[in-house]
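As a basis for the values below, the full set of heavy atoms in this structure was taken, side chains included, without hydrogen atoms, waters or symmetry mates. Letters go in sequence order (proteins before strands), and every chain restarts at 1.
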Amino acid sequence: MDAADDLFTREDPIFSNKELLEISHLPGEGRIVGRDDEIADLATAVNPAIFGQSPSNVLIYGKTGTGKSLCAKYVSKRLVSTASEEGVTATFAYVDCAQDTTETQAVQTIAEGVNDPDETGINVPDKGLSTSTYYKRLWRILDQRYDVVLILLDEIDKLDDDAILMQLSRAGEAGKITDCKLGVVGISNKIQYKDRMDERVKSSLCEREFVFPPYDANQLREIMQARADAFHDDVLEPSTIPRAAALAAREHGDARKAIDILRYAGEIAQANGEPTVREEFVTQARERAETDRFRELIRGSTPHSRYVLQALALLSLSNGRQDGFRTSRVYEIYENICRQEGSDSLSLRRVRDLLKEHAFLDIIEQSKHSGGSAEGSYTKHQLLEDPSVVKEVLTEDDAES
DNA sequence: GATCCACAGGAAGCATTGGTAA
DNA sequence: TTACCAATGCTTCCTGTGGATC
């Protein structure tokens, strides 16, 4: 019995409340740093909702880790509770469009999120229904249950098309819903997103637009300081947070990355049996954050999608620093890899699409070039990750599978 | 100005899988 | 059980691109 007890550590010597360092953690009031103006602007835009009126549709831009989703969720939560004090039934639905990329998946997520089958008697299955059926059920749920609903579409640029935006932004006008008012908050990392929107969607969805600037080193330090009670007292050495903030500020002011680095630094200290989180662990944590990010990006990708990346990594490793490799060159190496793996290679057309998918996930960068006679226009591809990290992760995954 | 030609990428279609509703 | 639907992963076909060359 005692031996079994020794197997586990009853008390964590480093973390007192690790939840504070989770990406999904929504900080309470006073813990959101450097976003007072943005929160106030957002609240003004959706303010009519607390009286049961239509909130403005909003589009929020900003790079990764600038607090867009955090502020949108925070304002939505506050809106729901304030509306309730005014006797208005409100809610919000959150859709991660990176997960739900198609119109059907997104509508299903919204409908499921706002539904209570016991109350409405409406069932919203995960899949199997036509898109129009999901819409019909969603409209019925909204009219039955709510006066106002705010729909947060995170990473809206990852949606396949604008169809859902058209439906949501015009649901009231089109008479799809009669008792419920709808507001849409679109969140995008890409400022150019608006350019490719349908004109009709643009006019109704972009009533208000906000741009979230990246955090500077001081703000990042404050953000991390605000979550420092994730650790026990005196565990964080004084130089740890400033060092992590400086590193993250250098990399585009990404708060998410900064918090990741802090968490990893704590885990490294824990794994080494150290009583404190030292500055040197921050550097190691940064490397681990990079590898983990890449591992997360390629998780679940098909073997051929990996072979394409492997081809690019091999080219990068054997040719040193170049401004990228042409599709035809990547395809040649990819075909060799397929032969080694004893697998039939996919068509060049398909490989072009796979490369484009990797570029979309910011794993590689594509650049357009023009040759001359008999060269035409072509694309060059370059890994954004360290090629040796790519090779290592792909090899270790192959070994596992 | 016409031609060259490797390459990019849109469109259409096919096979398969995995689900719901009646 | 059957009809229907969405999603995925792929191929084939075809048109457009663009700087050098004739």
Side-chain angles (χ1 to χ4, degrees), chain A residues 95-113 115 117 120-141 153 155-168 190 192 195-198 297-312 315 322-335 337-339 341-361 363-382 401:
Chain A
V95 183
D96 178 2
C97 302
Q99 292 287 319
D100 301 320
T101 55
T102 66
E103 183 186 8
T104 318
Q105 288 167 351
V107 188
Q108 191 278 333
T109 301
I110 298 169
E112 195 181 30
N115 190 29
T120 59
I122 298 171
N123 179 34
V124 183
D126 285 349
K127 44 181 106 166
L129 301 187
S130 68
T131 312
S132 63
T133 309
Y134 280 118
Y135 272 121
K136 280 176 198 154
R137 292 188 187 187
L138 171 65
W139 306 140
R140 272 168 52 210
I141 294 164
L153 298 171
E155 302 209 49
I156 194 171
D157 46 285
K158 299 244 160 66
L159 279 174
D160 284 350
D161 58 49
D162 292 348
I164 187 172
L165 305 179
M166 185 90 84
Q167 293 283 345
L168 293 177
K190 298 187 167 63
Q192 321 87 297
D195 300 340
R196 61 166 225 242
M197 260 186 192
D198 183 286
L297 282 175
I298 63 158
R299 195 162 55 96
S301 56
T302 60
H304 286 273
S305 177
R306 286 156 179 259
Y307 297 158
V308 169
L309 272 187
Q310 208 175 325
L312 201 49
L315 277 169
Q322 278 196 18
D323 62 342
F325 303 92
R326 303 172 63 134
T327 311
S328 49
R329 186 88 183 97
V330 178
Y331 189 68
E332 250 174 57
I333 308 295
Y334 157 79
E335 282 186 305
I337 294 172
C338 286
R339 265 193 293 276
E341 297 288 334
S343 162
D344 289 339
S345 49
L346 301 176
S347 65
L348 174 63
R349 180 70 188 84
R350 178 65 189 141
V351 168
R352 259 203 287 271
D353 279 345
L354 291 177
L355 284 163
K356 204 174 170 187
E357 282 167 22
H358 289 315
F360 197 67
L361 290 172
I363 297 174
I364 69 172
E365 189 175 55
Q366 294 184 315
S367 52
K368 307 275 180 207
H369 297 265
S370 296
S373 178
E375 281 230 71
S377 54
Y378 59 90
T379 307
K380 278 187 166 185
H381 316 271
Q382 191 173 28
S401 55

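- Protein atom CD of A/E112 is 12 Å distant from nucleotide atom P of B/dT20, rounded to whole Å.
- We find that OH of A/Y378 is positioned 11 Å from C1' of B/dC7, with the value rounded to whole Å.
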Between protein and nucleotides 2-8 of chain C, what N or O pairs are separated by less than 3.5 Å?
unit_1, atom_1, unit_2, atom_2, d
C/dA6, OP1, A/T131, N, 3.2
C/dA6, OP1, A/T131, OG1, 3.1
C/dA6, O3', A/T104, OG1, 3.3
C/dA7, OP1, A/T102, OG1, 2.2
C/dA7, OP1, A/T104, OG1, 3.3

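- Rounded to an integer number of Å, the gap from A/Q366 CD to B/dA8 C1' is 10 Å.
- Evaluation of atom-type donor-acceptor distances gives a pair under 3.5 Å for the side chain of A/R349 against the base of B/dG10.
- Distance A/F325 CZ to B/dC7 P: 16 Å, rounded to the nearest Å.
- A/W139 and A/Y135 have parallel rings, their planes meeting at less than 30° on a 0 to 90° scale where 60° marks the start of perpendicular.
- In the helix from B/dG1-C/dC22 to B/dA22-C/dT1, the terminal helix axes, each the rotation mapping four pairs' C1' atoms onto the next four within five end pairs, subtend 30°, rounded to 10°.
- When side chains are defined from C-beta on, A/L346 counts as touching A/Y334, because their heavy atoms get closer than 4.5 Å.
- A/L354 places a side-chain heavy atom less than 4.5 Å from the side chain of A/S305.
- Put simply, A/T327 has a side-chain N or O that comes within less than 4.0 Å of OP1 or OP2 on B/dA8.
- Nucleotide B/dA8 holds its P atom 11 Å from the CG atom of A/D353, rounded to whole Å.
- Contact check, A/R350 against C/dC10: a side-chain N or O comes under 4.0 Å of OP1 or OP2.
- Comparing atom distances between the A/K356 side chain and each of B/dG10, C/dG9, B/dA8 picks out B/dG10 as nearest.
- Annotation: side chain to side chain donor-acceptor pair (under 3.5 Å) contacts of A/S328 (sequence neighbours excluded): none.
- No side-chain donor-acceptor contact under 3.5 Å links A/T379 and A/T327.
- Shown here is A/K136, whose NZ atom has no more than 12 heavy atoms of other residues, nucleotides or ligands within 6.0 Å.
- Here A/L138 contributes atom CG and A/E112 contributes atom CD; the two are 12.0 Å apart, rounded to the nearest 0.5 Å.
- At least one side-chain nitrogen or oxygen of A/S328 sits closer than 4.0 Å to the OP1 or OP2 atom of B/dC7.
- Between B/dG9, B/dA21, B/dC7, one nucleotide has an atom nearer to the side chain of A/K368 than all others, and that is B/dG9.
- In this entry the distance linking CZ of A/R352 with C1' of C/dT11 reads 13 Å, nearest Å.
- Among the protein residues, A/L346 comes within range of the sugar-phosphate backbone only, with heavy atoms under 4.0 Å from sugar or phosphate atoms but none that close to a base.
- In this structure, CZ on A/R329 lies 12.0 Å from NZ on A/K380, to the nearest 0.5 angstrom.
- Residue-level contact check: A/R329 touches neither bases nor backbone, having no heavy atom under 4.0 Å from any strand.
- Closest approach of A/R326 to A/H381, counting heavy atoms only: C-CD2, 4.1 Å.
- The CG atom of A/L348 sits 19 Å away from the P atom of C/dG9 (whole-angstrom rounding).
- Atom C1' of nucleotide B/dG18 and atom CG of A/D126 are separated by 12 Å, given to the nearest angstrom.
- Taking CD from A/Q108 and CD from A/Q105, the interatomic distance works out to 8.5 Å, rounded to the nearest 0.5 Å.
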